[in-house]
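One structure is given here, and the rest of the page talks about it.
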2 protein chains.
Amino acid sequence: MKYEAERTQLSTYLSGMGLKHTKQRDVILTIFLDSDDHVSAEDLYQRVRKKSPSIGYTTVYRTLKLFVDAGLAQEHRFDDGLTRYENEHAHHDHLVCLDCGKIIEFNSELIEDAQEKVAVEYGFKVLHHRHELYGRCSDCENKSQ
Amino acid sequence: MKYEAERTQLSTYLSGMGLKHTKQRDVILTIFLDSDDHVSAEDLYQRVRKKSPSIGYTTVYRTLKLFVDAGLAQEHRFDDGLTRYENEHAHHDHLVCLDCGKIIEFNSELIEDAQEKVAVEYGFKVLHHRHELYGRCSDCENKSQ
DNA sequence: TTCGGTGCAAAAGATTTGCATATGT
DNA sequence: ACATATGCAAATCTTTTGCACCGAA
């Protein structure tokens, strides 16, 4: 079964907190895991209602918060003013091409290490971070020359 | 006179765009430049009304947008859901405390270098970037233990 | 005098909460 | 049976807009 790890993680969290495992939570989890990286509550609600029209917006909203608490999702606020939820999978950062809009994921041990040094310097405990490089990808750079 | 450069920049922008130089804009600019780095419209309004109670929230709000257009301020949305405006100065990144909301600025040559390595690796030309570390500041970390 | 600016009130957009009912344990 | 979950409606919170009056150029 797909998403076994996530289901287990949620179940563990639910029983550990004396919370219930409901049909709604199951449906929402499945659709959330199948969605693009950054869904808003509204996005997800629209997808959920196609599959289960009886599920309300509030439940989707509260379930996303639950996922955050359970460590399955991260909340992010972007410049369009919407709160989006990101499926917490292997950490990565982004290169965003301002010409073609392409988004490239990257990972850099060097950056993570340097970041940790900064955190230590300020006595700051980092829980998560966001790092985005905006510019021109190689394709667009070549095209414009 | 303090803030001469900023005043000139604003005046130039205003006349260039056929806009007017008003008392309100002057008051708001002065207080904005004297404020901490990351003020929300509400923050600034509270300070402004102490000095000039007749100035409305809407004017503060619209004036901040004006500052952004004039290149005097940058709009920034952090993950706490508020829009904040920062006086546009030398580049820096942010540490954001998820408990108390404090925002600390930092600069790291190490990170900038590591970032450049990533860019080269992907043939990416970086024009600007955004790097935020979310977590707990030393004060909150100590408090909770 | 003319056109942008201001301030109020109200709209809009998104998130959050209260409450009666439904449901998992 | 009991405590949590759900779904609706309504409240909040923040950002934005409409409009009549004001004021700088």
Side-chain angles (χ1 to χ4, degrees), chain A residues 7 10-29 31-32 38-70 73-85, chain B residues 7 10-29 31-32 38-70 73-85 98 101:
Chain A
R7 267 166 222 290
L10 182 59
S11 286
T12 303
Y13 179 78
L14 292 176
S15 46
M17 302 288 283
L19 305 177
K20 293 169 184 174
H21 188 196
T22 64
K23 296 185 214 74
Q24 288 93 333
R25 287 174 177 172
D26 214 50
V27 169
I28 296 171
L29 177 63
I31 296 179
F32 176 65
H38 300 96
V39 280
S40 64
E42 181 64 30
D43 279 346
L44 194 57
Y45 170 60
Q46 292 305 334
R47 292 174 206 210
V48 164
R49 73 197 304 234
K50 275 186 201 145
K51 189 166 187 176
S52 305
S54 63
I55 296 180
Y57 176 86
T58 308
T59 301
V60 171
Y61 166 78
R62 283 195 272 228
T63 302
L64 279 170
K65 296 281 188 195
L66 181 74
F67 290 170
V68 172
D69 291 341
Q74 273 188 349
E75 230 182 46
H76 268 293
R77 255 143 174 148
F78 289 87
D79 283 347
D80 61 0
L82 270 180
T83 299
R84 293 171 192 280
Y85 296 83
Chain B
R7 268 165 222 292
L10 182 59
S11 286
T12 303
Y13 179 80
L14 291 175
S15 44
M17 302 288 285
L19 304 177
K20 293 169 183 172
H21 188 198
T22 64
K23 297 184 213 75
Q24 289 92 333
R25 286 175 179 172
D26 215 51
V27 169
I28 296 171
L29 177 62
I31 296 180
F32 175 65
H38 305 92
V39 280
S40 64
E42 181 63 30
D43 279 346
L44 194 55
Y45 171 59
Q46 291 306 334
R47 293 175 205 209
V48 164
R49 72 196 306 234
K50 275 186 203 149
K51 189 166 186 176
S52 306
S54 63
I55 297 180
Y57 175 87
T58 309
T59 301
V60 172
Y61 166 79
R62 283 195 273 230
T63 302
L64 280 168
K65 297 282 188 195
L66 181 75
F67 291 170
V68 171
D69 293 340
Q74 272 187 348
E75 226 183 50
H76 222 98
R77 256 162 173 135
F78 292 94
D79 280 347
D80 67 356
L82 269 180
T83 300
R84 294 171 194 280
Y85 296 82
L98 296 173

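All of these numbers come straight from a predicted model, not from anything done at the bench.
Rounded to an integer number of Å, the gap from CZ of A:Arg25 to P of C:dA22 is 18 Å. Remark: C1' of C:dA14 and CZ of B:Arg77 are 11 Å apart, rounded to the nearest angstrom. Spacing between atom OH of B:Tyr61 and atom C1' of C:dG13 amounts to 12 Å, rounded to whole angstrom units. For B:Asp26 and C:dT6, the CG to C1' distance is 16 Å, given to the nearest whole Å.
When each of C:dG24, C:dC8, C:dT17 is scored by its nearest atom to the side-chain atoms of A:Arg62, the top-ranked nucleotide is C:dT17.
Dashed line: the shortest gap from a side-chain N or O of B:Gln24 to OP1 or OP2 of C:dG7 is under 4.0 Å. For the OP1/OP2 pair of C:dT16 and a distance below 4.0 Å, the side-chain nitrogens and oxygens of A:Lys65 include at least one atom meeting the criterion.
The NZ atom of A:Lys23 lies 12.0 Å from the OG1 atom of A:Thr59; values are rounded to the nearest 0.5 Å. Taking CZ of B:Arg84 as the reference point, atom CG of B:Leu44 lies at 12.5 Å (rounded to 0.5 Å).
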Could you walk me through whether B:Asp26 and B:Arg7 satisfy the side chain to side chain contact (heavy atoms under 4.5 Å, CB included) test, starting with their C-alpha distance in whole Å, then the side-chain angles of each, then the deciding distance to 0.1 Å, before giving a yes or no?
CA-CA 8 Å; B:Asp26 215 51; B:Arg7 268 165 222 292; 3.4 Å; yes
Does the pair B:Met17 and B:Asp69 meet the rule for a side chain to side chain contact (heavy atoms under 4.5 Å, CB included), with working shown?
CA-CA 11 Å; B:Met17 302 288 285; B:Asp69 293 340; over 6 Å; no
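B:Ser52 approaches B:Val27 most closely through the heavy-atom pair OG-CG1, 3.8 Å. Smallest separation of non-hydrogen atoms from A:Arg25 and A:Leu66: NE-CD2, 3.6 Å.
B:Ile31 is listed as a side-chain neighbour of B:Lys51, based on a closest heavy-atom distance under 4.5 Å. Within the 4.5 Å cutoff, no side-chain heavy atoms of B:Leu82 are placed close to those of B:Glu42. Side-chain contact between A:Thr63 and A:Gln24 is absent, with no heavy atoms from C-beta onward closer than 4.5 Å.
Looking at which nucleotide of DNA chain C each of B:Leu19 and A:Thr58 is closest to, the 5′-most match is held by B:Leu19. Mapping B:Arg84 and A:Tyr57 onto DNA chain D by nearest heavy atom places A:Tyr57 closer to the 5' end of the strand. Heavy-atom nearest nucleotides on DNA chain D were determined for B:His21 and for A:Val60, and the one closer to the 5' end corresponds to A:Val60.
Applying ring-ring contact (aromatic ring centres under 6.0 Å, His included) to A:Tyr45 and the options A:Phe32, A:Tyr61, A:Tyr57 leaves one that passes, A:Tyr57.
Of the residues in residues 40-52 of chain A, not one comes within less than 4.0 Å of DNA chain C through any heavy atom.
Nucleotides of DNA chain D lying under 4.0 Å from heavy atoms of chain A occupy a range whose first and last members, 5' to 3', are D:dA3 to D:dA9.
Between the side chains of B:Tyr85 and B:Gln74, no donor N or O sits under 3.5 Å from an acceptor N or O.
Nucleic acid contact class of A:Thr22 (heavy atoms, under 4.0 Å, all strands): sugar-phosphate only.
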Which string of ( ) [ ] | and . matches DNA chain C, if you list each base 5' to 3' and count Watson-Crick or G-U pairs only when both distances are under 3.5 Å?
|||||||||||||||||||||||||
